[in-house]
Each structure stands twice: as structure tokens, then as C-alpha cells.
Amino acid sequence: MSKLPLKYYQQDDVVFLAKDLIGKKLCTCIDGVFSAGIVTETEAYRGWGDKACHAHAGRRTPRTDIMYQRGGVAYVYLCYGIHHLFNIITNLEEKADAVLIRAIEPTHGKEIMLQRRKLQEVSPRLSSGPGNMSKALGIQHIHYGEKLDGEMIWLETMTPKVPDENITVTTRIGIDYAGDDAHLPWRFYKNNSRFVSKL
DNA sequence: GACAAGATTCGCT
DNA sequence: GCGAATCTTGTCG
């Protein structure tokens with residue numbers, strides 16, 4: 001296994017990256033505790049021409065400032081005052097593209113994930129859905145802006161790669177406010193995985 | 001400084 | 001399937 005370099009995240013096609021990230025291993029080391037899982041579901045958000053993106057059309061605020069950085073950093077924000085959502089910033093400076101990780105399949109540190117989620121046994125609910133996934137891996141707001149080739153959060157390549165025919169392409173979730181852009185086919189998930197937020 | 005709304009989840013009907 | 005929980009952020013006054 002090998003850690004993905006920052007250069008990987010700086011490719012210019014965020015939709016391709018969202019799909020390519022399916023099957024990669026997402027690892028975190030929080031307070032010295034290691035946990036990891038296979039990415040099973042993602043969504044792409046594009047800074048320009050996508051109303052669903054927090055930084056669409058050059059919108060720049062203290063919260064979205066990180067999105068305008070060069071790809072390869074974490075964008076974590078609190079949604080509904082309850083859930084931490086984890087995004088990967090991609091592309092180059094000023095593009096503001098991002099990939100939202102929506103679900104993973106736990107591979108390492110299942111006990112610690114169960115403890116964080118206050119659950120008794122592993123189930124899809126443990127790490128499916130952006131809020132649940134972040135909590136299971138211990139991702140919090142303090143990881144805002146964290147580099148993805150560091151010691152806290154990173155991704156690793158996995159072999160064999162998930163073939164295209166095993167990845168379903170569909171519309172994104174929970175962004176009805178974005179009008180027509182809510183119908184863009186920018187959500188990807190691994191076929192036959194129990195760890196997907198919604199089929 | 002005040003107010004409305006959100007890339008969600010869970011529990012109850 | 002529906003509605004509450006809960007608080008940061010963005011926008012407006």
C-alpha cells in the first residue's frame with residue numbers, strides 16, 4: 001500500500017476524482033489511535049458552475065476559504081450543528097473543487113469506531129452517511145485545513161482497483177436548494193456494498 | 001447584533 | 001415516512 005501524494009488531488013477533473021476515490025483506503029490517526037476503511041461512496045462538488053457547492057461562482061467566506069487552496073487538504077465543517085462532514089479539496093488554487101466522502105467500509109480499528117459511535121456491533125449505520133462516517137473515523141472540525149499527506153489523515157491506493165462497471169453513478173443527495181444542479185450525476189457508490197447511505 | 005437555513009441523523013408514529 | 005435536535009455560518013439591518 002502507498003499513501004496518495006498531494007499531486008493526486010490536484011488533477012483538474014473533480015468528477016473523475018470522486019469516482020476514482022471509490023475503493024481507496026481512508027486512514028486517520030487521531031490522538032495516536034489508528035482507524036481506516038475503504039471508501040464506498042463519494043460526491044463531487046465544483047466551485048464554478050455548481051450551485052450546490054459552498055464556494056460556487058467565486059463565493060468566498062471564512063468557512064470556504066480553504067476550498068480555494070491547492071488540492072490535497074481536508075475541508076471539514078459542521079452541518080445542522082450536529083454532524084461533521086469531511087471533504088477533500090481537489091484541483092489547483094482558486095478552483096474550489098471538492099469531493100465529499102459519504103461512506104466507508106471499516107477495515108481497521110472497528111472497536112474504536114464502535115466506541116466513538118456508541119454502538120455495540122458493526123452495521124452499515126456505523127460508517128454510512130457523511131455524518132456517521134466522520135464520527136466513526138474521529139474526524140472533527142480541528143482537522144479543517146489538514147494536509148492529506150500528513151500523519152493525521154491520508155488515503156492509500158488499493159489493488160485491485162474497483163472497475164467502472166462496479167460503480168453506480170447517480171444524483172447527489174440533500175441539495176434540493178441547488179435547483180437544476182441538484183440533478184447532476186455526481187454521486188458515486190460501489191455496487192453491492194452494504195456501506196452506502198442510500199441506494 | 002439578530003435571524004433564517006443547512007452537503008444529516010435518529011426516534012417515533 | 002415525518003419531524004425534532006442543535007449551532008455555525010452567511011446575510012441583512
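A note on names: the letters A, B, ... follow the listed sequences, proteins ahead of strands, and every chain is numbered from 1. Here the structure is a predicted model, which is why all the values come from computation and not from measurement.
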Rounded to the nearest angstrom, tell me the gap between atom [atom1] in [X] and atom [atom2] in [N].
X: A:Met133; N: B:dT9; atom1: CE; atom2: P; result: 10 Å
X: A:Ile101; N: B:dT8; atom1: CD1; atom2: C1'; result: 17 Å
X: A:Tyr177; N: C:dT9; atom1: OH; atom2: P; result: 16 Å
X: A:Asn132; N: B:dT9; atom1: CG; atom2: C1'; result: 7 Å

Just to be sure I understand the geometry, which residues of residues 67-98 of chain A put a non-hydrogen atom under 4.0 Å away from DNA chain C?
A:Leu78, A:Tyr80, A:Gly81, A:Ile82
Between A:Tyr144 and A:Arg63, is there a cation-pi geometry (under 6.0 Å to ring centre, at most 45° from the normal)?
no
What is the minimum heavy-atom distance between A:Val39 and A:Ile104, and which atoms define it?
CA-CG2, 4.1 Å
Shortest non-hydrogen contact from A:Tyr177 to A:Lys51?
CE1-O, 4.2 Å
Quick check for you: among C:dT9, B:dT8, B:dC10, whose closest atom lies nearest to any side-chain atom of A:Pro130?
B:dT8
Give one of base, sugar-phosphate or nothing for [X], where a contact means two heavy atoms less than 4.0 Å apart.
X: A:Arg172; value: nothing
X: A:Ile175; value: sugar-phosphate
X: A:Arg60; value: nothing
X: A:Arg59; value: sugar-phosphate

Quick one, A:Leu126 with A:Leu114, criterion side-chain contact (heavy atoms from CB on, under 4.5 Å). Give me CA distance, side-chain angles, the key distance, then yes/no.
CA-CA 7 Å; A:Leu126 174 65; A:Leu114 291 171; 4.0 Å; yes
So, is [X] near the phosphate of [N], with a side-chain N or O under 4.0 Å from OP1 or OP2?
X: A:Arg125; N: B:dC10; answer: yes
X: A:His141; N: C:dT8; answer: no
X: A:Arg102; N: B:dT8; answer: yes

Are the aromatic ring centres of A:Tyr77 and A:His54 under 6.0 angstrom apart?
yes
Give each stem of DNA chain C as a range with a range, requiring at least 3 consecutive Watson-Crick or G-U wobble pairs whose two distances are under 3.5 Å.
B:1-6 with C:7-12, B:8-12 with C:1-5
